[in-house]
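Take a look at the structure set out below.
Per chain, numbering begins at 1; letters A, B, ... match sequence-line order.
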Amino acid sequence: MNKKEWPLWEVFIRSKQGLSHKHVGSLRAPDAEMAVNNARDVYTRRSEGISIWVVESANVVASDPSEAGPLYEPANSKAYRHPTFYEVPEGIKHM
Amino acid sequence: MTKQEALFEYLLRKADDSLILGHRLSEWCGHGPILEEDIAITNIALDLIGQATELYKYAAEVEDKGRDEDDLAFLRIEREYKNVLLVEQTNGDFGKTMIRQLFFDHFEHLLYEELMNSKDERIAAIATKTIKEIKYHIKHSSEWTIRLGDGTEESHNRVQKSVRDLSRFTKELFYQDEVDQILIAEGIIPDVSKFKVEYDKNIKAILDEATLELPNEKWQLDGGRKGVHSEHLGYLLTELQYMQRTYPGMKW
């Protein structure tokens with residue numbers, strides 16, 4: 001039998017109002033609506049969430065791990081991008 | 001028949017519907033077609049068993065003969081179970097389970113919408129909690145019916161056969177006798193015959209979308225409400241009752 005796999009979906013759950021959706025895992029489903037249903041059953045059965053997003057995994061564009069050097073390392077030497085780099089002068093309030 | 005006897009009988013009927021169907025669905029545990037559905041079906045099974053627990057508890061209080069919900073669930077003989085025949089039918093393939101669920105969920109949805117307005121506060125409270133679960137069940141079974149019916153030739157043929165095999169058990173959902181008449185008069189339960197047309201319409205809408213057809217045959221079965229069951233219930237009860245029969249009073 002030619003067993004075709006259903007597409008893979010990435011699931012994002014918002015745990016409460018005001019927080020952003022967070023990636024919780026993935027699952028298989030035939031279409032978007034069923035993916036939401038499945039996500040409800042698999043990832044919110046212990047009241048983990050109040051909102052679900054699903055995205056077909058094929059639509060996620062990821063950075064290339066082999067380019068980690070050029071992508072991320074230049075930031076390591078730029079300490080002045082962190083607010084802690086700067087000394088707050090005496091007498092400044094509400095910072 | 002007194003009002004108290006009628007209420008006990010009615011609660012037992014509805015509790016048995018939920019328990020037996022919940023048990024049937026629990027048989028899918030570990031056998032679902034995919035992990036996601038395995039969890040979905042067992043979630044629904046747990047909802048149904050939870051509903052049964054609430055109904056049995058209330059039934060035991062109404063009866064007031066020292067029995068509790070476990071006695072009612074586990075220690076009756078086959079003829080004393082009052083569920084409709086539909087819920088005891090075997091799971092078959094996944095499609096058959098979904099069609100059995102479709103026919104049941106659509107009825108429960110209309111019934112529990114009405115039971116929320118029951119003059120019996122306890123029933124109204126149970127219904128208010130239950131309706132949210134049913135609204136998910138109905139979505140689950142309806143969407144699967146559409147996808148399987150309007151899916152591949154194989155899936156279409158399989159669910160079409162299940163629609164043909166199971167539709168003969170649907171009229172029994174609307175079975176009414178003295179028990180119902182007494183409780184309808186008291187405003188405790190609705191007259192289900194009033195939403196038969198709506199039920200047929202809702203089912204037909206889903207089946208149309210699924211490119212499935214109801215059979216023309218009008219032959220319908222009943223008997224469950226009087227304890228006359230199909231050959232399947234005995235086997236189900238054997239498994240359901242095994243622990244309590246073998247180790248009486250066992251708790252865990």
Side-chain angles (χ1 to χ4, degrees), chain A residues 1-68 71-72, chain B residues 22 25-26 28-51 93-95 97-98 101-102 105 109 129 132-159 205-206 209-211:
Chain A
M1 199 177 84
N2 176 21
K3 207 173 175 189
K4 280 193 207 147
E5 283 259 44
W6 287 337
L8 194 64
W9 301 78
E10 299 302 320
V11 181
F12 300 79
I13 305 278
R14 182 208 290 279
S15 57
K16 56 181 176 188
Q17 295 294 0
L19 295 183
S20 50
H21 286 73
K22 198 167 170 235
H23 185 241
V24 293
S26 55
L27 50 75
R28 293 199 178 269
D31 54 50
E33 207 170 353
M34 295 304 260
V36 172
N37 285 358
N38 288 347
R40 180 261 192 196
D41 283 317
V42 178
Y43 291 110
T44 68
R45 51 200 306 270
R46 297 182 189 88
S47 307
E48 290 93 337
I50 54 163
S51 169
I52 298 171
W53 285 354
V54 293
V55 178
E56 207 176 329
S57 307
N59 291 329
V60 174
V61 181
S63 61
D64 183 350
S66 70
E67 286 179 34
L71 284 177
Y72 312 117
Chain B
L25 290 178
S26 78
W28 274 105
C29 186
H31 300 276
I34 52 165
L35 176 142
E36 290 82 352
E37 271 312 308
D38 203 278
I39 298 176
I41 297 177
T42 40
N43 279 350
I44 296 170
L46 285 173
D47 286 345
L48 289 165
I49 291 167
Q51 292 160 18
D93 56 26
F94 179 72
T97 294
M98 285 305 108
Q101 209 62 34
L102 178 85
D105 293 341
H109 184 229
K129 179 167 178 273
K132 289 182 193 142
E133 296 168 346
I134 295 172
K135 281 184 176 167
Y136 182 73
H137 301 170
I138 204 172
K139 188 170 145 75
H140 182 258
S141 58
S142 299
E143 286 183 4
W144 269 115
T145 301
I146 292 164
R147 280 163 180 78
L148 293 169
D150 194 17
T152 64
E153 194 184 338
E154 172 85 15
S155 70
H156 174 87
N157 291 342
R158 283 187 183 220
V159 286
I206 300 293
E209 202 178 337
T211 71

**Message:** Applying a heavy-atom distance below 4.5 Å, give me the residues of residues 39-60 of chain A that approach chain B, sorted by number.
**Reply:** A/R40, A/D41, A/V42, A/R45

**Heavy-atom closest contact (A/N37 atom, B/Y136 atom, distance)** = O-OH, 3.3 Å

**Message:** If we define contacts as heavy-atom pairs under 4.5 Å, which of B/E37, B/E36, B/H140 has the most with chain A?
**Reply:** B/E36

